[in-house]
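Notes to accompany the following structure.
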Amino acid sequence: MPFTLHGIGVSGGYAIGRAQLFSHDRLEAPHYVLRREDLKGEIARFEEAVASVRAELINLQEHLPEHAPAELSAFLDVHRLILEDAMISEAPKRRIEEGRCNAEWALAQQTQALIDQFEAMEDPYLRERKHDVRQVSERIMKALMGHPGQVPVKTAGEEASVLVAHDLSPSDMVLFKRHHYAAFITDLGGATSHTAILARSLNIPAVMALHNARALIREGDVLVVDGVNGVVIVDPDAAILEEYRIRQDQWRLEQLKLKRLKKSPATTLDGTPVELLANIDLPQDVQDALEQNAAGIGLFRSEFLYMNRDDLPDEDEQFEAYRQVVKAMKGRPVVIRTLDLGADKRLPWLKRDSVNPALGLRAIRLCLSEPPIFLAQVRAMLRASHYGDVRILLPMLANLKELEQALSLIEMAKESLDISHIPYNRNTPIGGMIEVPAAALAAEWFARRLDFLSIGTNDLIQYTLAIDRTDDSVAHLYDPLHPAVLKLIHHTLRTGTRLHKPVSVCGEMAGDARMTKLLLGLGLRSFSMHPAHLLRVKQQILRSDLAEVAPLAARLLRAGQPERIQSCLERLNA
Ligand code: PEP
Ligand code: MG
């Protein structure tokens with residue numbers, strides 16, 4: 001009997017295969033009391049287990065697949081850092097001594113205490129890190145109990161398998177990629193978990209947050225994984241299988257066709273050129289942007305340089321990172337956003353608690369309260385401007401006074417470079433993100449003081465609709481097509497046109513091919529997105545005629561009612 005499970009589709013595509021169960025279930029830790037004279041030996045046994053996990057992680061890192069995404073190495077670094085933290089590698093030893101207990105029991109108790117601490121954290125990003133702690137602890141536990149962790153081996157050419165796990169760690173994903181699984185599904189994992197981020201960049205169909213797939217699915221069950229809709233069908237009948245085989249073929253064909261668009265200019269049917277830019281998080285991602293032939297980098301989220309470390313990157317380190325991207329882009333524009341930390345992107349050194357962090361000291365607000373950090377970053381960006389087309393982008397502007405303060409700090413950075421005779425482009429364009437309704441409504445005044453604008457729809461939707469973008473319980477209300485959101489986008493685009501200031505969209509909406517014609521119709525000519533979405537969006541652009549999409553977009557803008565909006569969108573995309 002077929003049955004269906006619903007989760008979050010974190011990576012598109014379809015797969016059909018047999019379930020291969022992967023157990024990450026908590027290992028039962030035995031508990032026994034030791035004689036005093038055995039404690040030293042038990043501590044040595046624990047140290048050996050930690051050493052073998054250290055070697056295992058180093059080995060994984062040294063054997064990363066050739067095209068492994070840049071984040072993988074960073075995730076392994078995180079696991080190594082956790083392993084070296086005294087809370088994991090030392091505290092259990094104290095527990096062995098004080099409780100005269102075996103190493104497994106000491107580790108299990110310590111892990112639970114740490115997880116409780118993480119669960120009490122308000123920041124959803126930090127809360128998610130409890131999974132990393134658990135995964136590292138499980139590796140040590142397996143080493144103690146004599147069976148090292150391993151993803152079941154699967155080689156190319158065998159019957160397709162779907163890995164079914166309660167939870168998967170990023171380092172498991174390394175092996176997973178090497179062993180050619182058709183898809184993976186997990187019980188746990190939020191949309192912001194490391195594994196979800198990796199899944200997206202690996203481009204493997206994946207569905208997460210299925211809650212009890214691991215318990216309901218048996219080894220060898222036939223599964224259909226629909227990463228597009230976040231659905232898993234267990235034991236599908238012949239008709240369902242046939243339907244999904246057709247979808248699979250269509251998907252593969254589409255991917256092949258899309259590749260052929262790489263070299264084509266992004267121009268609408270009526271000959272209007274459209275700029276397609278890439279969003280990147282780390283310098284290494286620039287390769288993906290080049291592979292998809294992006295016209296430039298429309299958003300370099302510089303805050304990722306500050307993550308997974310205890311110290312701050314200094315000016316020189318940042319300069320090298322920016323210069324690397326700028327040189328790789330060979331004269332194409334590189335828009336580097338100044339630090340957007342705070343809200344869900346909190347770091348331990350920020351140490352600022354806020355009841356409502358998304359409305360607190362975030363992004364430009366945080367930078368203005370820490371001028372030395374901001375100045376070092378801006379100096380690094382300006383220095384990189386000597387090597388190519390650098391543009392500086394200020395996030396989360398809401399207030400014109402903030403803009404003036406930021407601009408005067410940028411002037412200060414320039415003066416200090418002048419004094420030291422360090423070369424930079426004096427005319428480096430400065431832009432502002434429109435991601436707060438106040439900024440969209442006041443776009444005219446921001447545009448007058450800036451060289452360009454970039455609409456961050458992820459936050460613009462969050463702040464317009466008062467919906468926390470990281471909160472699952474209100475995710476269904478997160479609506480890019482809400483008339484208020486569309487009006488703010490439209491108003492910003494019109495203001496840019498009137499004042500001859502370029503406007504782009506760099507939020508997820510820009511990479512969603514269902515929105516391409518609508519955005520074109522509303523007047524957008526510059527889209528910035530994850531490189532993986534670029535060709536699909538280009539395909540839509542090649543199929544668009546502005547004389548057709550503009551009136552339909554105008555009608556959608558006036559529609560108001562959700563059903564009418566949907567039917568307008570369908571007509572646009574027909
Ligand atoms: C946005 O808010 O749309 C955006 C691009 O910024 P981020 O997703 O980094 O907040
Ligand atoms: Mg944003």
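One is the number of the first residue; the rest follow in order along the sequence. Whatever order the structure lists them in is the order used to number ligands and atoms, beginning at 1. Because the structure is predicted, anything quoted here is derived from the model rather than measured. The basis for the numbers below is simple: all heavy atoms, side chains too, and nothing from hydrogens, waters or symmetry mates.
- Every atom of ligand 1 with a heavy atom of E435 under 4.0 Å away is listed here by number and element: 1 (C), 2 (O), 4 (C), 6 (O).
- Of the heavy atoms in N279, none comes closer than 4.0 Å to ligand 1.
- Residue D340 approaches ligand 1 through these ligand atoms, each under 4.0 Å from one of its heavy atoms: 10 (O).
- Contact check on R362 versus D340 returns a salt bridge, with a Lys/Arg side-chain nitrogen under 4.0 Å from an Asp/Glu carboxylate oxygen.
- Short contacts between ligand 1 and R301, defined as distances under 4.0 Å to a heavy atom of the residue, involve ligand atoms 4 (C), 5 (C), 6 (O), 7 (P), 8 (O), 9 (O).
- Ligand 1 is never approached by M509 to a heavy-atom distance shorter than 4.0 Å.
- Of the heavy atoms in L299, only side-chain atoms (C-beta onward) come closer than 4.0 Å to ligand 1.
- Atoms of ligand 1 lying under 4.0 Å from any heavy atom of C506, numbered from 1 in the order shown and given with element: 5 (C).
- Under the 4.0 angstrom criterion for non-hydrogen atoms, R362 is in contact with ligand 1.
- Residue N458 has at least one N or O atom closer than 3.5 Å to an N or O atom of ligand 1.
- Seen from the ring of Y424, R383 does not count as a face-on cation partner, given the 6.0 Å and 45° thresholds.
- Distances between N or O atoms of E303 and those of ligand 1 include no value under 3.5 Å.
- Under 4.0 Å from ligand 1, not a single heavy atom of Q462 appears.
- For the Mg ion (ligand 2), the N/O/S atoms of D340 include none lying under 2.8 Å.
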